[in-house]
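Side chains are part of it too, since the values below use all heavy atoms of this structure and drop only hydrogens, waters and symmetry mates. If you're wondering where the values come from, they're calculated on a predicted model, not measured in any experiment.
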Amino acid sequence: MMQSNSAQVPQQPSNPALERLSVFVGEWNIEITSMSFQADKTAVVRGRASFDWVERGAFLIEHFEAPNTEFPRGISIIGPDDSAETYGMLYFDSRGVSRIYQMSLSGDVWKLWRDFPGFSQRFIGTFSDEHNMITARWEKSNDGSNWELDFNLEYSKVR
């Protein structure tokens with residue numbers, strides 16, 4: 001029988017490798033700007049993201065959406081690689097896109113990356129001193145050498 005996570009989710013994860021990720025847990029407003037795929041480069045997309053523990057703190061899950069926009073709704077599951085001291089992130093969105101990213105969190109710098117022939121991606125986000133804002137950017141590359149901005153992203157913690 002599967003156990004429900006509701007009302008049983010701990011404040012701290014059961015896996016010590018995930019403890020550093022506690023800074024993400026909560027509700028966030030998101031703002032997406034400078035989108036390479038938008039004709040209007042001044043367009044702004046606003047949405048929400050939430051991070052919560054899953055399976056009594058074994059994984060971190062992110063849900064994100066930007067209602068009433070074409071921006072995809074999605075979900076990510078983050079788990080540790082205990083021996084590598086890094087994380088993996090499984091990503092899926094409403095377009096049917098599935099990807100696996102490598103992830104690190106060192107100090108106040110959050111990084112995601114995916115090296116794939118024809119379409120590599122990287123993300124770098126920096127937490128504010130109070131850990132209530134993350135200023136980030138996604139970049140893409142068709143050849144793994146020449147990178148261009150895909151879009152900027154800002155997270156503002158609501159609670």
Please table the atom pairs, donor to acceptor, closer than 3.5 Å between any side-chain atom in residues 58-70 and protein atoms at least two apart or in another chain.
residue: E62; atom: OE2; partner: Y155; partner atom: OH; Å: 3.3
residue: T69; atom: OG1; partner: A66; partner atom: O; Å: 2.6
residue: T69; atom: OG1; partner: F71; partner atom: N; Å: 3.2

Quick check: does any side chain N or O of K41 sit under 3.5 Å from a backbone N or O of S36, one acting as donor and the other as acceptor?
yes
Spacing of R99 atom CZ and L90 atom CG [to the nearest 0.5 Å]:
13.5 Å
Could you work out, with side-chain hydrogen bond (donor to acceptor under 3.5 Å, both in side chains) as the rule, every residue matching S141, not counting sequence neighbours?
D143
Tell me every residue that passes salt bridge (charged side-chain N to carboxylate O under 4.0 Å, His left out) with R46, counting only those two or more places apart in sequence or in another chain.
E31
Counting C-beta onward and ignoring hydrogens, is there a side-chain heavy-atom pair between L105 and V23 closer than 4.5 Å?
yes
Which of these passes ring-ring contact (aromatic ring centres under 6.0 Å, His included) with F24: Y87, F127, W53?
F127
Minimum side-chain heavy-atom gap I134-T126 below 4.5 Å:
no
Could you tell me if the side chain of L149 sits less than 4.5 Å from the side chain of S34, heavy atoms only?
yes
Short side-chain to backbone donor-acceptor contact, S128 and M133, under 3.5 Å:
yes
Take atom CZ of R159 as the centre, draw a 6.0 Å sphere, and report whether it contains more than 12 heavy atoms from other residues, nucleotides or ligands.
no
Inter-residue atom distance S120.OG - D115.CG, 0.5 Å rounding
4.5 Å
Any side-chain heavy atom of W138 within less than 4.5 Å of one from M35?
no
Any salt bridge (charged side-chain N to carboxylate O under 4.0 Å, His left out) pairs touching residues 127-142, not counting sequence neighbours?
R122-E139, R137-E139, K140-D150
For R48, the salt bridge (charged side-chain N to carboxylate O under 4.0 Å, His left out) test, sequence neighbours excluded, returns E27
Nearest 0.5 Å, please: how far is CD1 in I75 from OG in S94?
12.0 Å
Flag the pair M89 / I77 as yes when at least one side-chain heavy-atom distance between them is below 4.5 Å, and no otherwise.
no
Rounded to the nearest 0.5 Å, how far apart are CH2 of W28 and OG of S50?
11.5 Å
In this structure, is the centre-to-centre distance between the rings of F123 and F151 below 6.0 Å?
no
So side-chain hydrogen bond (donor to acceptor under 3.5 Å, both in side chains) across residues 101-110, not counting sequence neighbours, yields Y101-Q121, D108-H131
Walk me through whether M103 and I78 qualify under side chain to side chain contact (heavy atoms under 4.5 Å, CB included).
CA-CA 9 Å; M103 181 181 132; I78 301 167; 3.9 Å; yes
For side chain to side chain contact (heavy atoms under 4.5 Å, CB included), just list the numbers for I32 and N152, CA-CA rounded to whole Å, side-chain angles, deciding distance to a tenth of an Å, and then say yes or no.
CA-CA 6 Å; I32 304 150; N152 289 320; over 6 Å; no
